[in-house]
Number of protein chains: 2
Amino acid sequence: MSTTGKEPEAVILEAARKVFIINGYEGSSMQMIADEAGMNKALLHYYFRNKDRLFEAIFIEAFGKMAPRLHQIIVSDRSFEEKIRGFVDEYISTLIEIPEIPLFIMHELRRNPERIIKLVSSSGIDPRKVAGLIKEEMKQGGIREIDPYQLLINLLSLCIFPFAARPIIEGFIFEGDARRFDAFLQQRKKEVADFILNAIKK
Amino acid sequence: MSTTGKEPEAVILEAARKVFIINGYEGSSMQMIADEAGMNKALLHYYFRNKDRLFEAIFIEAFGKMAPRLHQIIVSDRSFEEKIRGFVDEYISTLIEIPEIPLFIMHELRRNPERIIKLVSSSGIDPRKVAGLIKEEMKQGGIREIDPYQLLINLLSLCIFPFAARPIIEGFIFEGDARRFDAFLQQRKKEVADFILNAIKK
DNA sequence: GTCTATATTGTGATAGAC
DNA sequence: GTCTATCACAATATAGAC
């Protein structure tokens, strides 16, 4: 009860989020989460039966932050160029806020791909419709027509990859200088949109 | 000794490769590797002192398959277009053979970023030189000049991301149909090269 | 609800027989 | 070199006091 100030459930979830998203399922222990939450291991089991259930709550939440935005922009009634620019800008901005999420999702999805089925079916997104929509717009927009799936993956690749590969890029290309990498990401919003729009121009 | 038929060391390494690359460091146990190798746990410790050393052998090998190819093509004396086409084609072809490597490297590098420093310094690749080379070629090649780092990351993103995100893409976009995904990858070699070259054309 | 204590299993690693 | 047996410890999870 209490005045909804800091229910243990919320505290646990916040701690679990931090620990799981950084270390992954196998790299995280209930003890780590308990420490982060400032309480006892047993309490985690009291509120969330076991590690799996606690993890699932975090994973679904993280997945939900990534998938639906894409769909929303694609099916809006803006112009094609505005859709591309809008998506790239919003997506990269979001990822700057939660940069660990892409790699987290990719890794955990690889560990347990069956989970996708549940999530996809519950998301209500029909990839065929999205592809059809893109194809339609390419015809009308005076744009070089390419496979809509390739375009879709290109869009996602250019937005997401730098975050998933951050340690490599930051270490390898920017010599470990985080500020250069951040500046790179800010500039990237415009750069990626331009890149895509140029690539599909006739 | 023996006639180099199947030295235990090689058998262990092959087993460790399979297990580590799929499950990651924390997701793998010495028992799993021993089972895969068809021998006893203790033997793994006999040949490779501990789990860390065994893992390091696998990680360095995997990393070595990804990084140097890029450099080799970039510094060759082919034309700019040929470099792009050559790199994309060879890189995607390689990744089709070893599709789990990108995610493996990304995840493990996140877990222990310090490891990069050692590897980068020993690879002899100077990112500044590579960027300078790209910049020079853009001037000569009659190409729209963009930040060479952005171009480099775009190149890598478009090649690597589909492999790292395979379960998501295959499940989410291709409805779990692996054959459609494979066809998609084959087509992608040409598609990505065209996409990039169009994007940087004046 | 929240803690301590504990049961149980799995892990990396080593000792020692052969 | 290769095995069995075992140690020391960390993990998930539960029982039970308060």
Side-chain angles (χ1 to χ4, degrees), chain A residues 1-62 104 107-108 110-112 114-115, chain B residues 1-62 104 107-108 110-112 114-115:
Chain A
M1 297 243 169
S2 91
T3 30
T4 316
K6 279 190 180 240
E7 284 116 355
E9 301 202 58
V11 177
I12 293 170
L13 280 174
E14 195 183 332
R17 203 175 297 129
K18 280 188 196 168
V19 174
F20 275 136
I21 283 179
I22 290 179
N23 305 107
Y25 179 85
E26 285 131 342
S28 306
S29 73
M30 297 297 266
Q31 187 59 61
M32 290 164 77
I33 297 170
D35 291 348
E36 179 71 38
M39 60 180 70
N40 196 281
K41 269 191 310 178
L43 263 198
L44 307 190
H45 286 95
Y46 177 80
Y47 283 101
F48 303 84
R49 241 183 94 74
N50 53 38
K51 187 182 177 184
D52 268 44
R53 291 206 195 192
L54 183 50
F55 177 80
E56 186 140 334
I58 303 303
F59 182 83
I60 289 176
E61 179 192 67
F104 169 71
H107 180 256
E108 299 304 333
R110 162 123 186 65
R111 197 175 58 86
N112 186 2
E114 300 82 43
R115 210 181 292 256
Chain B
M1 300 242 170
S2 89
T3 31
T4 317
K6 278 189 177 240
E7 283 116 354
E9 299 201 58
V11 177
I12 292 171
L13 280 173
E14 194 183 331
R17 203 175 294 131
K18 281 189 195 168
V19 174
F20 275 136
I21 284 178
I22 290 180
N23 305 107
Y25 179 85
E26 284 133 343
S28 306
S29 72
M30 296 299 264
Q31 187 60 63
M32 290 164 77
I33 296 170
D35 291 348
E36 179 71 37
M39 60 180 70
N40 196 281
K41 265 195 313 180
L43 263 198
L44 307 191
H45 285 94
Y46 177 79
Y47 282 101
F48 302 83
R49 244 182 89 75
N50 53 37
K51 187 182 176 183
D52 268 43
R53 292 206 193 191
L54 184 50
F55 177 81
E56 187 142 333
I58 303 302
F59 182 83
I60 288 176
E61 181 193 66
F104 168 71
H107 181 256
E108 299 304 333
R110 164 124 186 62
R111 194 175 59 86
N112 187 1
E114 298 83 42
R115 210 182 291 257

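In what follows, chains carry the letters A, B, and so on, assigned in the order in which the sequence lines appear, proteins first and then strands, with residues in each chain numbered from 1. All values derive from a computational prediction rather than experimental measurement.
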To the nearest angstrom, how far is B:Arg53 atom CZ from C:dG12 atom P?
16 Å

Round to the nearest Å and state the distance from A:Leu43 atom CG to D:dC18 atom P.
18 Å

Roughly, in whole Å, what's the span from CD in B:Glu9 to C1' in D:dG1?
12 Å

Here the gap from A:Ile33 atom CD1 to A:Leu43 atom CG, rounded to the nearest 0.5 Å, amounts to 13.0 Å

What's the shortest heavy-atom distance between B:Glu114 and B:Asn112, and which atoms?
OE1-OD1, 2.5 Å

Could you give the side-chain donor-acceptor pairs of residues 17-27 of chain B under 3.5 Å, partners two or more places apart or in another chain?
unit_1	atom_1	unit_2	atom_2	d
B:Arg17	NE	B:Glu61	OE1	2.7
B:Arg17	NH2	B:Glu61	OE2	3.2
B:Lys18	NZ	B:Glu36	OE2	3.3
B:Tyr25	OH	B:Asp52	OD1	2.4

Measure all distances between protein nitrogen or oxygen atoms and nitrogen or oxygen atoms of nucleotides 10-14 of chain D, and list the pairs falling under 3.5 Å.
unit_1	atom_1	unit_2	atom_2	d
D:dT12	OP1	A:Met30	N	3.2
D:dT12	OP1	A:Lys51	NZ	3.2
D:dT12	OP2	A:Met30	N	3.0
D:dA13	OP2	A:His45	NE2	3.4
D:dA13	OP2	A:Lys51	N	2.8
D:dA13	N6	A:Lys41	NZ	3.3

Steps toward side-chain contact (heavy atoms from CB on, under 4.5 Å) verdict (A:Phe48, A:Phe55)
CA-CA 9 Å; A:Phe48 303 84; A:Phe55 177 80; over 6 Å; no

Would you call A:Arg111 and A:Glu108 a salt bridge, taking side-chain N to carboxylate O under 4.0 Å as the test?
yes

Would you name the heavy atoms of A:Met30 and A:Leu44 that are closest together and state the gap between them?
O-CD1, 3.3 Å

A:Phe48 CZ to C:dG1 P, straight-line distance once rounded to whole Å:
13 Å

What integer distance in Å separates B:Tyr47:OH from C:dA13:C1'?
18 Å

